[in-house]
Amino acid sequence: MEQYIIKGGHPLVGEVEIGGAKNAALAILAAAIMTDDTVLIDNIPDVNDVNVLLDAITGIGAKVHRVDRHTVKINGSGIRNYDVEYDYIKKIRASYYLLGALLGKYKRAEVALPGGCNIGSRPIDQHLKGFRALGADVDIEHGKVVAEAEKLVGRHVYFDVVTVGATINVMMAATMAEGITIMENVAKEPHVVDVANFLNSMGANIRGAGTDVIKIRGVHRLHGTEYSVIPDQIEAGTFMFAAAATKGDVTVLNVIPKHLEATIAKLTEIGCEVEEFDDAVRVVSKGDLTSTHVKTLPYPGFPTDMQPQIGVTLALCKGTSTITESIFENRFKYLDELARMGANIKVEGNSATIEGVEQFSGARVSAPDLRAGAALCIAGLATDGITIVDDIIYILRGYERFDEKLRSIGALMEQVSTEKEIQKFTLKVS
Ligand code: EPZ
């Protein structure tokens, strides 16, 4: 089993290049099949989730040419199969974006129902509500979503929950519906806007992405395009909190500071010095950080995907902090692991009360999910001792070259998989 071994206690110092946004790339790659022309997409992150989705897209008959690790050409003209195999959705939930893309273009799609995951049950009722509103017959047959329509007709869709996935999925289906679709109470995340911009570059007519109301005038066909994915605000924020927790001085490069406003606000509140540049942000911490309170919210609120990272940092801030997780029902599992490193935390329902401690102690911990795994690495980096993070397969799903980038700013950490490698690292750093 792959693990990270970390010798912490050293401030992270330096510059780190941020890659393309995983959650934008996954939706954009799915949307790329909506034209019979060739689409070139660059600045995609070379992470497991992206590679699995590209396999799924190949699996339904599209031509996928990986130009390099961050650039891909896709041509959907050869698609004859609208049934996405269960294996892919089991590996990554975001395969469900092929529902909206296939339904939009071919008026038919079959995709296995995604299960829940470690952070919550993750229903897709709002996705199905949107497809039905556009005129699709949507049934659940043998664990699959089967959606088909004679034609899709623009409608008024009001989402009961602000949901990134449903906003993007229904937006894709509506792109090639007849007439006008108005979507209300939509998600406003930067990656929602990125998908809308991508579709518009293919000839779609989508207005209002990033606001509460998206208006789509359906088109009959989409054409090829060349598109670059936005930087990953969550990867950037992860390195910014790593700087805070390790009393470091880190500059994240190739970012859009506006996408990081909530993160910058919280880092400033706890006492970090944050400097913004056109496409970079510098975070400096002298270590005397103080508590604050945070509630995760849809964008532009504090992102739920940054909750574990701020949780680890607050556990080292003087005073009592609270975190309220308002998006997912089970996103505090990592706090049990953090308590094993000496953190002082009490969880009640969707709220955690954190008493700051001076130091964690190194321990062997397990990553319960992608962002929590990255956060436990931050905890290990902040700790003067040896920490081993198990189950890093989760981290590899969403962070490209995570250990390499951390080593480039001073981390003593390696990816290992045997006791012998653990002993070798321990000897080297002792
Ligand atoms: C996306 O998941 C991201 N994943 C998640 O990032 C992120 O945490 C989440 O958005 C919120 O920002 C990708 O983009 C691949 P939602 P998604 O639909 O779209 C409820 C990561 O770490 N809901 O916005 O699945 C749902 O249960 C991952 O990169 C319904 O009730 O999230 C949740 O409580 C983790 N019905 C809330 O809405 C629905 O039909 C937000 O979910 C859909 C969602």
Side-chain angles (χ1 to χ4, degrees), residues 19-31 44-45 47-50 52-53 56 88-89 91-100 113-133 138 140 145 157-172 183 185-195 229-230 232-238 259 262-263 296-309 324-331 333-334 350 367-375 394-400 402:
K22 166 180 82 81
N23 292 346
L26 292 172
I28 286 169
L29 292 173
I44 56 171
V47 294
N48 289 0
D49 272 11
V50 162
V52 168
L53 185 61
Y88 295 120
I89 194 89
K91 287 178 188 160
I92 63 155
R93 301 171 44 78
S95 310
Y96 62 29
Y97 283 138
L98 288 169
L99 267 174
L113 258 179
C117 74
N118 291 336
I119 62 176
S121 64
R122 318 263 323 249
I124 63 165
D125 57 299
Q126 299 298 306
H127 301 235
L128 308 187
K129 169 182 177 174
F131 296 147
R132 288 180 175 123
V138 182
I140 309 294
V145 177
V157 181
Y158 182 87
F159 290 105
D160 304 310
V161 178
V162 174
T163 144
V164 167
T167 300
I168 292 175
N169 232 345
V170 177
M171 179 167 72
M172 282 197 274
M183 295 165 52
N185 196 28
V186 292
K188 299 182 275 198
E189 271 71 4
H191 34 294
V192 172
V193 177
D194 211 23
V195 178
V229 174
I230 54 168
D232 194 319
Q233 74 195 78
I234 306 300
E235 184 193 16
T238 303
H259 295 168
T263 297
T296 64
L297 288 168
Y299 190 88
F302 190 87
T304 175
D305 289 350
M306 212 78 80
Q307 186 260 94
Q309 297 92 315
T324 305
E325 171 56 61
S326 72
I327 308 290
F328 291 113
E329 65 267 29
N330 188 25
R331 203 163 197 173
K333 277 172 73 176
Y334 71 98
N350 71 339
D369 63 73
L370 164 60
R371 306 300 175 186
Y394 286 111
I395 301 173
L396 301 176
R397 288 182 52 182
Y399 287 93
E400 181 183 334
F402 191 52

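Indexing begins at 1, ligand by ligand and atom by atom, following the structure's order. Note that the coordinates shown come from a computational prediction; the quantities given were computed from them, not determined experimentally.
- The residue from D125, V170, V161, L297 that puts a heavy atom closest to atom 20 (C) of ligand 1 is V161.
- Ranking protein heavy atoms by distance to atom 31 (O) of ligand 1, first place goes to P123 CG, 3.5 Å.
- Proximity of R93 to ligand 1 is established by a heavy-atom distance of less than 4.0 Å.
- Between G165 and ligand 1, at least one N/O pair is under 3.5 Å apart.
- The closest approach between any non-hydrogen atom of M306 and ligand 1 is not below 4.0 Å.
- Checked against salt bridge (charged side-chain N to carboxylate O under 4.0 Å, His left out), R371 has no partners two or more places apart in sequence or in another chain.
- Not one N or O of T304 is nearer than 3.5 Å to an N or O of ligand 1, by distance alone.
- The shell of residues lying under 4.0 angstrom from ligand 1, judged by heavy atoms, excludes Y394.
- Between I327 and ligand 1, at least one N/O pair is under 3.5 Å apart.
- At least one N or O atom of R371 sits closer than 3.5 Å to an N or O atom of ligand 1.
- Shown here are the side-chain hydrogen bond (donor to acceptor under 3.5 Å, both in side chains) partners of D232, two or more places apart in sequence or in another chain: there are none.
- Atom 12 (O) of ligand 1 has its closest protein heavy atom at V164 CG2, 3.9 Å.
- Between D305 and ligand 1, an N or O atom pair is found at a separation short of 3.5 Å.
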